[in-house]
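A short worksheet on the structure shown next.
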Amino acid sequence: MYHHQELEKKWQKRWQDSNLYRTGTDFNKAKYYVLDMFPYPSGEGLHVGHPKGYIATDILARLRLMQGYNVLHPMGWDAFGLPTENYAIKNKIHPQESTTKNIATFKRQLKVLGLAYDWSREINTTDPSYYRWTQWTFLQMWKKGLAYESFAPINWCPSCQTGLANEDLEDGKCERCGSLIEQKPMRQWVLKITDYAERLLDDLDKLPGWEKSIKEMQRNWIGRSVGAEIEFKVKSNDLSNLTATKNLRVFTTRIDTIFGCTYLVLAPEHPLLEELKDQIKNWSVVEKYLQQVKNKTDLQRTDLNKEKSGVQLEGLQAINPFNQEALPIFIADYVLNSYGTGAIMAVPAHDQRDWEFAQKYQLEIRSVIKAPKSFTAKIYKGEGELENSGKFSGLNSLQARQQLLTYLEKNKIGQKKINYKLKDWVFSRQRYWGEPIPLIHCSKCGVVSVPEEELPVRLPEVESYAPTGTGESPLAAIDDWVQTTCPKCGGSAQRETNTMPQWGGSCWYYLRYIDPHNNSVLVDKKKEKYWSPVDFYVGGAEHATRHLIYARFWHKFLYDIGAVNYDEPFLRLQHVGLIMAQDGRKMSKRWGNVINPDEIVERFGADALRVYEMFMGPFDQAISWDTNGLIGTRKFLEKVERLFANFEILGEKVVQDDEKLLRILHQTIKKVEEDIESFNFNTAISALMILVNKLTIYHQKNNLSALTIKTNQFLLQILAPFAPHLSEELWEKLGNKESIFKSSWPQYNSELIKNKTINLVIQINGKLRTTLEVSADISQEEAWKIVQDDQAIKKWLTGKKVIKNIFVPGRLLNIVIK
RNA sequence: GCCGCGGUGGCGGAACUGGUAGACGCGCUGGACUUAAAAUCCAGUUGUAGUAAUACAGUGCGGGUUCGAUUCCCGCCCGCGGCACCA
């Protein structure tokens, strides 16, 4: 037993008093930047799942510290956001006030875990000295035309009363509150992230240190598809021999199926509809359909199971530019106005959706790609040899696409086109608790930026935080804040009253840790060059398509304007697997299954919690909490403590290092070091347990330590990143004056770790029959000699013919018999 | 539907590059210590048969390659995550 409460407090105080984790400033040393995704300080405080990632980075940071690196390992708060604001509305408490309170709670909870953060670099996104630079970057984007005002319909959450970005939706619902999202035309500030789509996609290849799954999620989200835009002429029936009335562009990835196009479909919102209204003979039917579509929610509209519906635009025809065929035109809500050109060429023979539609409205289905003989289903979606395609028949899909494209471009009826699913980032929110957008509207000069030296534009005090619901932020009601003078002409003008989304401040916080108190630039260039990029970044996978795309975009922009020296912010990325409750569900107040880390630390100690969370299973996997498992790791720490307690009593005895145990020790040093680097903490701890078990057994049998004090200290050093408090205590007990984290990580002896003897596996026809303890460098001949005389093997060989021996040096001998 | 990840004892999980499947921990069983309990320590713990030595089976299912497959290939099933009328 050891008294974790006083012991842990003692060391936490000492670390703090000695500034042990203050970031080094000697730029001649190698650097290592380990970063956690900073938390949103909610009112509920932490549960045991939250710190899992922080413990992991802490272990890595401590290893790097002992290896002699300058380590940057900071923490801060992503504190703007809706829950705090909603809390303010309900309880009339200023968001700043509850934010301050929540941060204090979080910080206390993190501190009792003994995390090695450099708190002198703490940042907070709601601090004006921080958001000044968020605003500054926004202005730079605005100046480059990357931030623009849009009046297009956007996602509107009727419950949160604000516009949202595509990334903020889940299944057509608000990610925050679950309300169904509506489309609402509104004035919005939008960031042109699509300008960066290609780089965001291509540069993923520069990040071998990112998990495949997260890169895939980003690729999916960016959604690049290569195809062609083709121009059809739209003619009125009455004037079919006259010139075309309008041009209509469609986007397709399968131009090789163009001869199979038997009709065209427009999205119901397509602008051409309004333009050709007069020539559409069944306009009243069309109008009715449009009304029906309008009444559907987005969720209903995109329901894959629903039957396709649409209406033909009677009186209009489209001309296929490749064969001059006149085709009917439909509107149908299975075509989205927001993707491509909002219009498609329908090829029912080779597209599931077009096929369904054609079936319903009895349209021609014309095969233009030969299906393989083995193909039995109705719709062949694959590639192949073209048929019924004029002079292009006989080509394969790939050749056809190239030739058709050439034809398109030569005849100026279209061109190659790349489309992305990624949409520009709707960047304004009609809420209070966010960074004000630093722009001014002047009736004479238009939109004018707040001069940089006047930044930050501070959030004003308001009476009510409640959203107005009119599409205006609560800031709009603060007249003496809104009314200002135009920086350009000096005339009266109004401030922009929208605020930035929660994701704004987190786009660049990792840069600010590098230089958190700089008042003249976002980050000092020299410091940035030294510390950037982040070497290791750890956080939840739920950020794969939000924060991690936004931050990469923001960073690339900063790179383009010369503010940072490399165009990717995070070299290595690792996602944390959730800790679920014991019942297998997510830990949540709602289910009443939350485990508070404070209680665990109180009862079992921070070290036990740390070791347990790392030992539970693979780091990136979701695993259920089990307090029994935690007791196991606590017992392990007590075992370590006992080992050294007895050591003290027996300390005077002169011992020599036991060679076998010394070998295991050095193997463990290697294993622990490598496993920390690869985030396989569970196996690192398992190795430590094996070592401690062996030392304990030796200790008990011989009533003395297997190793000298000096070698025994290695054990404490490799345990220290996991269980820093106990390791410090025992380290001190052994007579060390300085912190264990000022000692150097032990070097394993690569000669020593080689096993001298091995258990040679003897197989017969691949089946294990026996093992022999032999010298590690035994030759095949020697092994064969021994094996033939072995009783266990002899009986298998009698009456059989040995065909051959397969020998894997240092491992096995397999005898193949017949 | 598409993409990614996974499926191993009662449980969490381990296994290098194709080479002893089940490390380590939890739980359980038996034992030592104790007046007793806790703690600690020892032994056992994939299944079947056997006192045992040992044998056979065994890593979601069915095939294949190989001297040898949890690992590689083909075809499925199930679970998790992401995307999704994206043309």
Side-chain angles (χ1 to χ4, degrees), chain A residues 1 170-171 211-225 227 250-255 257 265 267 301-306 308 332-336 338-347 350-354 356-357 381 419-422 541-542 544-545 575 577-578 611-612 615-618 620-633 635-636 638-639 642 680 682-693 696-697 700 758-771 792 795 803-808 810-817:
Chain A
M1 257 317 257
E170 239 166 45
D171 268 343
E211 277 171 272
K212 211 171 136 193
S213 60
I214 297 204
K215 284 202 272 193
E216 270 316 299
M217 279 159 84
Q218 292 211 349
R219 285 197 185 101
N220 248 328
W221 190 261
I222 296 166
R224 173 181 150 114
S225 42
V250 303
F251 173 71
T252 180
T253 54
R254 291 296 303 275
I255 192 173
T257 63
V265 187
R301 237 186 106 168
T302 54
D303 181 4
L304 274 159
N305 296 320
K306 96 171 180 213
K308 304 261 176 299
D333 65 357
Y334 80 91
V335 173
L336 305 175
S338 53
Y339 184 76
T341 60
I344 61 151
M345 58 175 229
V347 184
H350 305 294
D351 182 283
Q352 176 81 34
R353 298 149 298 178
D354 297 343
E356 284 171 25
F357 192 81
K381 297 176 215 162
N419 265 321
Y420 295 93
K421 280 196 273 187
L422 184 73
E542 69 274 18
T545 54
H575 89 265
L578 283 181
V611 175
Y612 173 59
F615 184 61
M616 289 173 89
D620 57 359
Q621 191 176 301
I623 294 179
S624 296
W625 178 266
D626 178 11
T627 305
N628 280 328
L630 174 78
I631 292 169
T633 58
K635 283 184 187 168
F636 161 65
E638 284 174 8
K639 213 167 184 177
R642 265 198 306 277
N680 295 122
N682 53 338
T683 49
I685 292 165
S686 154
L688 283 164
M689 286 172 167
I690 292 169
L691 175 64
V692 169
N693 287 345
T696 303
I697 289 165
Q700 281 167 352
I758 51 151
N759 284 325
L760 187 73
V761 170
I762 311 300
Q763 295 180 337
I764 290 177
N765 289 347
K767 276 199 176 175
L768 172 78
R769 291 307 173 194
T770 191
T771 62
K795 68 174 184 194
I803 296 170
K804 61 174 168 176
N805 284 340
I806 289 165
F807 183 71
V808 182
R811 235 179 234 293
L812 64 79
L813 178 71
N814 185 15
I815 306 159
V816 185
I817 59 168

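Chain A is the first sequence line, chain B the second, and so forth, proteins listed ahead of strands; every chain is numbered from 1.
Not one side-chain nitrogen or oxygen of A/Q621 sits closer than 4.0 Å to the OP1 or OP2 atom of B/G6.
If A/S338 and A/V808 are placed on RNA chain B by their nearest nucleotide, the residue sitting closer to the 5' end is A/V808. Summary of the strand contacts: A/V761 and A/K308 both lie near RNA chain B, and taking for each the nucleotide with the nearest heavy atom, the more 5' one is attributed to A/V761.
In this structure, A/E638 reaches neither bases nor backbone, as no heavy-atom distance under 4.0 Å exists between it and the strands shown. Using a 4.0 Å heavy-atom distance criterion, A/V347 is classed as making no nucleic acid contact. Using a 4.0 Å heavy-atom distance criterion, A/G632 is classed as a sugar-phosphate-only contact. In this structure, A/N805 reaches neither bases nor backbone, as no heavy-atom distance under 4.0 Å exists between it and the strands shown. Backbone-only contact: A/I623 has heavy atoms under 4.0 Å from sugar-phosphate atoms and none from a base. Residue contacts shown for A/L812 include a base, since a base heavy atom lies under 4.0 Å away. As judged by a 4.0 angstrom heavy-atom cut-off over every strand, A/K639 is placed among residues touching the sugar-phosphate backbone only. Using a 4.0 Å heavy-atom cutoff across all strands shown, A/E356 reaches no nucleic acid atom at all. Residue-level contact check: A/R224 touches neither bases nor backbone, having no heavy atom under 4.0 Å from any strand. Counting non-hydrogen atoms under 4.0 angstrom, A/N759 reaches a base of the nucleic acid. Across all strands shown, A/K767 has heavy atoms under 4.0 Å from sugar-phosphate atoms exclusively, and none from any base.
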Can you run through RNA chain B from 5' to 3' and write each base as (, ), [, ], | or . depending on how it pairs? Watson-Crick or G-U wobble, both distances under 3.5 Å. (((((((..(((......[....)))((((((.......))))))((((....))))..(((((..]....))))))))))))....

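Classification of B/G6 as anti follows from a glycosidic angle more than 90° from 0.
Comparing atom distances between the A/N628 side chain and each of B/G13, B/U20, B/C26 picks out B/C26 as nearest. Comparing B/A23, B/U40, B/G4 by their closest approach to the side chain of A/I690 singles out B/A23. Closest contact between the side chain of A/N220 and the listed nucleotides B/A55, B/C16, B/G82 involves B/G82.
Between A/Y420 atom OH and B/C86 atom C1' the separation is 14 Å, expressed in whole Å.
With hydrogens and angles ignored, a donor-acceptor pair closer than 3.5 Å exists between the side chain of A/Q763 and the base of B/G19. Put simply, the side chain of A/R353 and the base of B/C86 share no donor and acceptor less than 3.5 Å apart.
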Could you tabulate the donor-acceptor pairs under 3.5 Å formed by side-chain atoms of residues 211-218 of chain A, not counting sequence neighbours?
residue: A/E211; atom: OE1; partner: A/H575; partner atom: N; Å: 2.5
residue: A/E211; atom: OE1; partner: A/H575; partner atom: ND1; Å: 3.1
residue: A/E211; atom: OE2; partner: A/H575; partner atom: ND1; Å: 2.7
residue: A/K215; atom: NZ; partner: A/L204; partner atom: O; Å: 3.4
residue: A/K215; atom: NZ; partner: A/L207; partner atom: O; Å: 2.8
residue: A/E216; atom: OE2; partner: A/R219; partner atom: NH1; Å: 2.9
residue: A/Q218; atom: OE1; partner: A/R552; partner atom: NH1; Å: 2.7
residue: A/Q218; atom: NE2; partner: A/A544; partner atom: O; Å: 2.9

